[in-house]
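Some notes on the structure that comes next.
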Number of protein chains: 2
Amino acid sequence: MNAPIPAQISCADCPIRHRAVCARCETDELETLETIKYYRSYEAGQSIIWSGDVMNFVGSVVSGIATLTQTMEDGRTQMVGLLLPSDFVGRPGREGAAYNVVATTDLVMCCFRKKPFEDMMVRTPHIAHRLLEMTLDELDAAREWMLVLGRKTAREKIASLLSIVARRDASLTPKGVVNAMTFDLPLTREAMADYLGLTLETVSRQMSALKKDGVITLEGKRRVTVPDMARLLEEAGDDSDGGFLG
Amino acid sequence: MNAPIPAQISCADCPIRHRAVCARCETDELETLETIKYYRSYEAGQSIIWSGDVMNFVGSVVSGIATLTQTMEDGRTQMVGLLLPSDFVGRPGREGAAYNVVATTDLVMCCFRKKPFEDMMVRTPHIAHRLLEMTLDELDAAREWMLVLGRKTAREKIASLLSIVARRDASLTPKGVVNAMTFDLPLTREAMADYLGLTLETVSRQMSALKKDGVITLEGKRRVTVPDMARLLEEAGDDSDGGFLG
DNA sequence: AGTCCCGTTTGATCTGAGTCAAAGTTTTGT
DNA sequence: ACAAAACTTTGACTCAGATCAAACGGGACT
């Protein structure tokens, strides 16, 4: 039921320690964190948390990809977040989960039992502070996505999603300013549709259109090459540089 | 240029003190807050902050209503937040503003110069903790709104907006569980459209349809009566009670 | 009282994305 | 290697909401 945990995981891989919560702290609280942390792995497609469940841990993604979704009774679903390595999961101070969390690829999470983590938050302001910063980032991302969902055309939505995945991918393997890049789309057409508020048919059509127009090229269904990032950002209706430049 | 500040404002009215940040603290830091706080008022239609501006204050709404919006170069705009009395504005630890903030009615804000506020945050964990809680609430609200924007029909969107305004209104003047209620819509049809990712014509048509079907009644254009709140929530496609019950 | 302005309503038509359906492609399992 | 399952593409048609356009109402100011 629980997928095997890769042997090569070590403390150095733990994004909680190195990126998410403790980016700036050096000492004691890290030792405490080590004592309450554990790893957990999931297989592609496996549900991690159901909306409304009591959540007894917080944590962050070590490897793989998970999605946050909300669902209506009649089955309409909207993805409200995409969790990539180093992203944080959990709501310190909250009882239940507000969304479904599903692993879309094989996934390893670094978890902390919630109560001890909250206790530590109270004692170590750095962690609370860092968590606030991360939550503000998520809020910005959610609000940026509201513009995408409310006002962009299907083609602009696809371009926006591609540029976000590209940005995240670039930041994980930094190599300076880039014009062209290749990455793997970690989502099925259906998951893309759920993220963008479209149907999977429309996603497929727009992907084909972007390919025909030379904005992207595809190897197989998932591997995407963007020959000209500025062009993609323009297609996304986004005049900002999307974090690629400056 | 700056609208006059109502004479009756007093510390007791300050939502920062009483609701937003210090709901649970009783002593010293309140005194400190008093020394760095000031009031500022705006007229209906006045812009409070432009996206990208350097923001040198944080604060919260005392009275009136403001909106957070994002705009594309071609003028398409999406409202990403509605600020009602007691809501917090600002991004501790961030330089610039990410959105436009506009007063849609005459408005009074309780402000704190940003640097001293941040210094105090470092010293008083209560405030950082409370701010994290508030930010998590905003994140939940933003993500709930993503479902509205991405997956709901025009009629469901209108019903969702009405139920949110009704809920907020009810929580400001608490009187227990209610089935029927009347409130003022603080938004023009255009602002509603910007919130919902619709055009103002569609908003108007759906308001008329909801009226014809007896879901709401209108006095003038703005005063709305909901005879049966459960019916409205059902129209919103929301099986949760929206905070009205339980 | 009149008229100007702003927000709103209503009507007619158009269109982008949804729906329904079928065929093609990749992955998985035996 | 083959068959089954899962995912993707493409086509034909439909429809919810956008667009374009005109008229309506109510307050503010002569």
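In the text below, chain A, chain B and the rest are named by the order of the sequence lines, each starting its count at 1.
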Problem - Integer-rounded Å distance: C:dG16 C1' and A:E156 CD - result: 12 Å
Exercise for the section: Tell me which residues in residues 207-227 of chain B put a heavy atom below 4.0 Å from DNA chain C, sorted by number, or none. Expected result: B:S208, B:K221, B:R222
Practice task
Verify salt bridge (Lys or Arg N to Asp or Glu O under 4.0 Å) between A:E156 and B:R76, making sure each step is shown before the conclusion.
Solution key: CA-CA 13 Å; A:E156 289 169 337; B:R76 282 178 282 177; 2.8 Å; yes
Measure all distances between protein nitrogen or oxygen atoms and nitrogen or oxygen atoms of nucleotides 18-21 of chain D, and list the pairs falling under 3.5 Å.
unit_1	atom_1	unit_2	atom_2	d
D:dA18	OP2	B:T199	N	3.4
D:dA18	OP2	B:T199	OG1	3.1
D:dA18	OP2	B:T202	OG1	2.4
D:dT19	O4	B:R205	NH2	2.8
D:dC20	N4	B:E201	OE2	3.2

Problem - Heavy-atom check, side chain of B:M146 versus side chain of A:M146, under 4.5 Å - result: yes
Fill in the blank from the handout: Between CG of A:D184 and C1' of C:dT26 the distance, given in whole Å, is 15 Å
Practice task
Measure the distance from CG on A:L187 to C1' on D:dC7 and round it to the nearest whole Å.
Solution key: 14 Å
Practice task
Calculate the interatomic distance between A:D194 atom CG and D:dC7 atom P; express it in whole Å.
Solution key: 13 Å
Exercise for the section: Given side-chain contact (heavy atoms from CB on, under 4.5 Å), test A:L147 with B:V80 step by step and report yes or no. Expected result: CA-CA 8 Å; A:L147 178 64; B:V80 297; 5.5 Å; no
Exercise for the section: Please report, rounded to the nearest Å, how far the P atom of C:dG11 is from the CD atom of B:Q206. Expected result: 14 Å
Practice task
Check whether the side chains of B:S163 and B:S160 place a donor and an acceptor atom closer than 3.5 Å, and report yes or no.
Solution key: no
Exercise for the section: Answer yes or no for A:R143 and B:Y99: cation-pi contact, defined as NZ/CZ to six-membered ring centre under 6.0 Å and angle to ring axis within 45°. Expected result: yes
Practice task
State, with a plain yes or no, whether a side-chain heavy atom of A:V226 is found less than 4.5 Å away from one of A:M229.
Solution key: yes
Exercise for the section: Figure out the CG/C1' separation between B:L200 and C:dG11, and round it to whole Å. Expected result: 15 Å
Problem - Check: A:T217/A:K211 side-chain N/O donor and acceptor closer than 3.5 Å - result: no
Problem - Polar side chain donor-acceptor pair, A:D194 to A:T77, under 3.5 angstrom - result: yes
Practice task
Using whole Å, report how far NZ of A:K152 lies from C1' of C:dG16.
Solution key: 17 Å
Practice task
Answer with base, sugar-phosphate or nothing: what part of the nucleic acid does B:S204 contact at a heavy-atom distance below 4.0 Å?
Solution key: base
Exercise for the section: Please state how far atom CZ in B:R189 lies from atom P in D:dG26, giving the value in whole angstrom units. Expected result: 13 Å
Practice task
Could you please spell out the steps behind the side-chain contact (heavy atoms from CB on, under 4.5 Å) verdict for A:L136 and A:M134?
Solution key: CA-CA 5 Å; A:L136 283 168; A:M134 291 171 63; over 6 Å; no
